[in-house]
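Throughout, a chain's letter reflects where its sequence line sits, starting with A, and its residues are numbered from 1.
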Protein chains: 2
Amino acid sequence: MARRRGEIPLLIAMAYRAMTDELHARLDAQGREPLRPAHGYTFRFLLGHDDAMSVDLAEHLGVTKQAASKIVAELEGWGYVERRPHPHDGRARVVGLTAKGLAYVEEADRMWGEAEDRWAAIIGEERLDRLHDDLLGYVEAAGDRAALRPVW
Amino acid sequence: MARRRGEIPLLIAMAYRAMTDELHARLDAQGREPLRPAHGYTFRFLLGHDDAMSVDLAEHLGVTKQAASKIVAELEGWGYVERRPHPHDGRARVVGLTAKGLAYVEEADRMWGEAEDRWAAIIGEERLDRLHDDLLGYVEAAGDRAALRPVW
DNA sequence: CCATAAAGTAAACGCGGTTGACCATTTCGT
DNA sequence: ACGAAATGGTCAACCGCGTTTACTTTATGG
């Protein structure tokens, strides 16, 4: 297919939009709390950082520590995360996923997996593998810029 | 490379984030008005819809007509778009890009093109072509869900 | 030790969207 | 053709979610 220069970023934006749309439609149908992308990104961050503090989350999401603190408080109220005192630092609190939070991530992964399957049905598994590698190549080259965080 | 199921959507999110980040950093450096992604999406929509009304833009962006109207008013104030009375409908106003608006889209396309070039340097032109086709395949299958609009 | 930095909290504000009410014009049903 | 409903647009009030500003408490390092 002919490719106009500069078209790929637009396609990425559209694909991203379509996929998140689909996920959130399914989440709504489950009658969950109104989770936003920032919440999902929070869960993923906590998964990979065992003794994370609010301030670490703030840096990862690219927001102020107050905003991160609000997000954590909200998620704590819903039972997705919990805060414990930091073992060595009296000022700090450690944020961690609860069983409910972990279950959400697994559920989301299943849904993303299904989206992938539908994609695979269109272009095939091998091309999906290459797509994965190509995306990974770009993301790794982008470094910190490619953090998993909200767009605006 | 090994691929975890459900990983691709996350990579798309990261790639999207990295690319928009890069574009907006460049726009800031140009000393432009503080254009947001919704503005860019507005320009693209106007490009493809010659006699669009605010209400059409609202539907495209997935916001209320009041919000779309605010966006148009703001862009009009900055000189990127103009509003003219609708030829056949006394209630309506037709929104169109000005020369400045058109120039912005061309500038953005150049920047996206450069982002593509850097990507091509990593994975090669042929793979970029396939990436384009694969993304297009997904986006076309997603239909209306894959509109070019903000994510949340 | 004491000055500075760092984690967290609280309150006021601001931006960008929605909701609700309304006007003017157009379209539709009978 | 005429009245009712629908449509494009605007205005004002509100609200969610982030920032700014200010402060408290605990660590850290000359």
Side-chain angles (χ1 to χ4, degrees), chain A residues 17 20-21 24 28 32-42 45-46 49-78 80-96 147 149-152, chain B residues 17 20-21 24 28 32-42 45-46 49-78 80-96 147 149-152:
Chain A
R17 166 77 204 197
T20 59
D21 230 46
H24 283 270
D28 289 350
R32 289 220 179 234
E33 296 87 357
L35 293 167
R36 286 164 281 137
H39 296 135
Y41 295 155
T42 295
F45 176 74
L46 294 179
H49 297 79
D50 258 5
D51 36 8
M53 296 174 297
S54 288
V55 101
D56 301 322
L57 176 64
E59 207 214 323
H60 173 74
L61 294 178
V63 299
T64 60
K65 59 183 180 175
Q66 293 89 329
S69 212
K70 278 186 191 178
I71 290 172
V72 169
E74 192 175 26
L75 290 175
E76 190 180 33
W78 288 336
Y80 287 96
V81 307
E82 59 187 2
R83 278 186 286 197
R84 295 191 305 269
H86 190 287
H88 314 309
D89 190 333
R91 297 167 301 178
R93 312 234 249 149
V94 172
V95 185
R149 57 169 74 145
V151 174
W152 55 91
Chain B
R17 166 77 203 198
T20 58
D21 231 45
H24 283 270
D28 288 350
R32 290 223 178 230
E33 296 87 356
L35 293 166
R36 288 163 280 140
H39 296 137
Y41 295 156
T42 295
F45 176 74
L46 294 179
H49 298 79
D50 258 4
D51 35 10
M53 296 173 297
S54 287
V55 99
D56 301 322
L57 176 64
E59 208 213 324
H60 173 74
L61 293 179
V63 299
T64 60
K65 60 183 180 176
Q66 293 91 326
S69 212
K70 276 188 192 178
I71 291 173
V72 169
E74 192 175 28
L75 290 176
E76 189 180 34
W78 288 336
Y80 287 96
V81 306
E82 59 186 1
R83 279 187 286 198
R84 295 191 304 269
H86 190 286
H88 312 312
D89 189 334
R91 297 167 303 178
R93 311 235 248 150
V94 173
V95 185
R149 58 169 75 142
V151 173
W152 53 89

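Defined by atom type and a distance below 3.5 Å, a donor-acceptor pair is missing between the side-chain atoms of A:Y80 and A:E74.
Under the side chain to side chain contact (heavy atoms under 4.5 Å, CB included) criterion, B:A52 pairs with B:F45, B:L46, B:H49, B:D56, not counting sequence neighbours. Take A:H24 and apply the ring pair (Phe, Tyr, Trp, His ring centres under 6.0 Å) test, not counting sequence neighbours, and it matches no residue.
To the nearest angstrom, P of D:dG8 lies 10 Å from NE2 of B:H86.
Note: B:Q66 CD to B:S54 OG = 11.0 Å, rounded to the nearest 0.5 Å. Once rounded to the nearest 0.5 Å, the distance linking CG of B:L61 with NE2 of B:H39 reads 9.5 Å.
Nearest approach of B:H86 to B:H88, heavy atoms of both residues: ND1-N, 3.0 Å. Nearest heavy atom pair, residue A:H60 against residue A:Y41, reads NE2-O, 4.4 Å. What you find for B:P87 and B:V94 is that their closest heavy atoms are CD-CG2, 4.1 Å. Between B:I71 and B:A38 the shortest heavy-atom distance is CD1-CB, 4.5 Å.
Residues of residues 51-61 of chain B having a heavy atom closer than 4.0 Å to DNA chain C: none are found. Near DNA chain C, meaning a heavy atom under 4.0 Å away, the residues from residues 63-70 of chain B are B:V63, B:T64, B:Q66, B:A67, B:K70.
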**OP:** With side-chain contact (heavy atoms from CB on, under 4.5 Å) as the test, would you mind laying out the steps for B:V95 and B:T42 before giving the verdict?
**Re:** CA-CA 10 Å; B:V95 185; B:T42 295; over 6 Å; no
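Nucleotides of DNA chain C that come within less than 4.0 Å of any heavy atom of chain B span, from the 5' end to the 3' end, C:dG16 to C:dT26.
In this structure, A:R83 and A:E76 have side chains that are in contact, with non-hydrogen atoms separated by less than 4.5 Å. Between B:L57 and B:V63, every side-chain heavy-atom pair lies at or beyond the 4.5 Å cut-off.
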Are any protein N/O atoms closer than 3.5 Å to N/O atoms in nucleotides 24-30 of chain D? If there are, list each pair with its distance.
residue	atom	partner	partner atom	Å
D:dT26	O3'	A:G90	N	3.4
D:dA27	OP1	A:G90	N	2.5

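Checked for salt-bridge contact, A:R32 and A:D28 miss the test: no charged N lies under 4.0 Å from a carboxylate O.
Residue order along DNA chain D, read from the 5' end via each residue's closest nucleotide, puts B:V94 first among B:V94 and A:I71.
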